[in-house]
There are 2 protein chains.
Amino acid sequence: MKSDKISEAVVRRLPIYLRYLSGLQRREVATVSSQELGQKLDLNPAQIRKDLAYFGDFGRKGIGYDVAYLIEKIRHILNLDQQINVVLIGAGNLGQALSNYNMYLKENLKIVAVFDAYGPKVGTLINSLKVQPMEELSTTIQQHNIRIGIITVPEHEAQQVADKLVEAGIGAILNFAPIILRTPANVRVHAADFTTDMISLAYYLDNGKEDLDDAKQSNTEVDH
Amino acid sequence: MKSDKISEAVVRRLPIYLRYLSGLQRREVATVSSQELGQKLDLNPAQIRKDLAYFGDFGRKGIGYDVAYLIEKIRHILNLDQQINVVLIGAGNLGQALSNYNMYLKENLKIVAVFDAYGPKVGTLINSLKVQPMEELSTTIQQHNIRIGIITVPEHEAQQVADKLVEAGIGAILNFAPIILRTPANVRVHAADFTTDMISLAYYLDNGKEDLDDAKQSNTEVDH
DNA sequence: TAGATTGTTAATCGATTAACAATC
DNA sequence: TAGATTGTTAATCGATTAACAATC
């Protein structure tokens, strides 16, 4: 069934499916059932079938899903069948760590430029990209058709950087700074601030008080 | 209203409240209403009142919430009125970046030990902590009463590390590796894998304006 | 008193899960 | 055919929002 609007929760699960499917493909597994996926990913099989059915009839009754075909489909849904250029703003420790994380590459996301506001950082190399000054942000974004920005600057600079990204026509932002960014409705922001995750973990340390939930993983995110 | 069971969504919002309240306190604002909080945090005021009311009657009708008092209460709810010791496993780029992020300190979370499986890393200093070999993990956790573990090792080592943490009696895990960890129900895991966030962002890029980029990267490129 | 704002109940909305006919 | 498994509808569960009496 198509044409319903897709909820955020569904979209959030697609990369998780993709990740596991890629593993299957590497191991040359040809098909997989919603049951197996559910087991491995801690999700209800009905939910997985429903998620996928939003986008098309990808499975075969009695058989399951063809791994290669499903990967192709999910990649397409996520716009990953073309390279998506990414800019990183903030060449501090975290920024450097992320730029090395070439995880992205596997899924056609690629950091193609790095910026920093701090003079002495400019011109240095981060993972073989030359750090550029903020003045060049807008033109670089346009020249290289950069669609996604990663913000790893300190809290007090984050909103300002976001504004510049928006102005330059960015499509989406991954924000590591611990604030709620204001952006127009057409620019999606995902919060990647791990201090929030970290702190909420402390709640579950049992100090006598009990919480007998499953040890489910949860992806943690505030967006708007 | 007490004694309902608290949903994960509620707990996830508490650190966000705390963060904003701390900012107010810094600016010496004495009280705040659910309305203002909602506006600043992109949340419904009724939701905020309801969240807080799960834990007690912290506000005053007609007035709002006393900032200092509410901070104290939320800190207490989150177990942050005592120092919580944290161990970091994986002294790679990301691990180093996190160890510098002393954001935690503000909220009584403190990384007190760092481990790595890779021989040459052992003994080096990370943010003035000496990297220890994995063999010492269990005793260190017990000696220092470490409650939370941060996993920043490669994907294929993550489950094994998690097992060791569980065995050593850890209370909760923040997992940066891109897999679903298996842990007993009493050990909570939060997924902090940002590649998932990143990839799901791509879904929201509107492809109305696709100028099929030739993606010529100006900067010196990484090759692979 | 008048205005503001909480705590809480009821209404709404949305997401997950169960169940099963269709069919490979 | 018999067994497996999808796609989908209906049932359930849970979370968000509206509304308002209580009260500062």
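So that the names make sense, note that chain A is the first sequence line, chain B the second, and so on, each numbered from 1. Since we're looking at a predicted model, the values are computed, not measured.
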Sugar-phosphate only, base, or nothing, as touched by A/Arg49 at under 4.0 Å among non-hydrogen atoms: base

Worked check of ring-ring contact (aromatic ring centres under 6.0 Å, His included) between A/Phe194 and B/Phe176: CA-CA 10 Å; A/Phe194 45 83; B/Phe176 281 86; 5.7 Å; yes

Can you tell me the distance, in whole Å, between the [atom1] atom of [X] and the [atom2] atom of [N]?
{"X": "B/Asp51", "N": "C/dT6", "atom1": "CG", "atom2": "P", "answer": "13 Å"}
{"X": "B/Tyr54", "N": "C/dT9", "atom1": "OH", "atom2": "C1'", "answer": "12 Å"}
{"X": "A/Glu36", "N": "D/dT6", "atom1": "CD", "atom2": "P", "answer": "11 Å"}
{"X": "B/Glu8", "N": "D/dG14", "atom1": "CD", "atom2": "P", "answer": "13 Å"}
{"X": "A/Ile6", "N": "C/dA15", "atom1": "CD1", "atom2": "C1'", "answer": "13 Å"}
{"X": "B/Asp66", "N": "C/dT6", "atom1": "CG", "atom2": "P", "answer": "13 Å"}
{"X": "A/Leu70", "N": "D/dT6", "atom1": "CG", "atom2": "P", "answer": "11 Å"}
{"X": "A/Gln35", "N": "C/dA19", "atom1": "CD", "atom2": "C1'", "answer": "15 Å"}

[N], OP1 or OP2 - any side-chain N/O from [X] closer than 4.0 Å?
{"X": "A/Ser7", "N": "C/dA15", "value": "yes"}
{"X": "B/Arg13", "N": "D/dT16", "value": "yes"}
{"X": "A/Tyr65", "N": "D/dA4", "value": "no"}
{"X": "B/Ser34", "N": "C/dT5", "value": "no"}
{"X": "B/Arg60", "N": "D/dA22", "value": "no"}

Presence of salt bridge, [Y] and [X], under 4.0 angstrom:
{"X": "A/Asp66", "Y": "A/Arg60", "result": "no"}
{"X": "B/Asp163", "Y": "B/Arg182", "result": "no"}
{"X": "A/Arg188", "Y": "A/Glu8", "result": "yes"}

Any residue meeting side-chain hydrogen bond (donor to acceptor under 3.5 Å, both in side chains) with B/Asp81, in chain and number order, not counting sequence neighbours: B/His76

Atom pair CG/CD of B/Leu137 and B/Gln142 - distance to nearest 0.5 Å: 9.5 Å

B/Arg19 vs B/Glu107, salt bridge (Lys or Arg N to Asp or Glu O under 4.0 Å): CA-CA, chis, key distance, verdict: CA-CA 10 Å; B/Arg19 196 168 72 187; B/Glu107 291 303 347; over 6 Å; no

Toward the 5' end of DNA chain C, by each residue's nearest nucleotide, A/Ala9 or B/Ser33: B/Ser33

Non-neighbouring partners of B/Arg49 that pass salt bridge (charged side-chain N to carboxylate O under 4.0 Å, His left out), sequence neighbours left out: none

Candidate nucleotides [options], ranked by approach to the side chain of [X] - the nearest:
{"X": "B/Asp57", "options": "C/dT8, D/dT17, C/dT17", "result": "C/dT8"}
{"X": "A/Ala53", "options": "D/dC24, D/dT17, D/dT8", "result": "D/dT8"}
{"X": "A/Lys61", "options": "C/dT6, D/dT5, D/dT17", "result": "D/dT5"}
{"X": "A/Lys50", "options": "D/dA19, C/dT16, D/dT23", "result": "C/dT16"}

For DNA chain D, the dot-bracket pattern of Watson-Crick and G-U pairs whose distances stay under 3.5 Å, | for other-strand partners: ..||||||||||||||||||||||

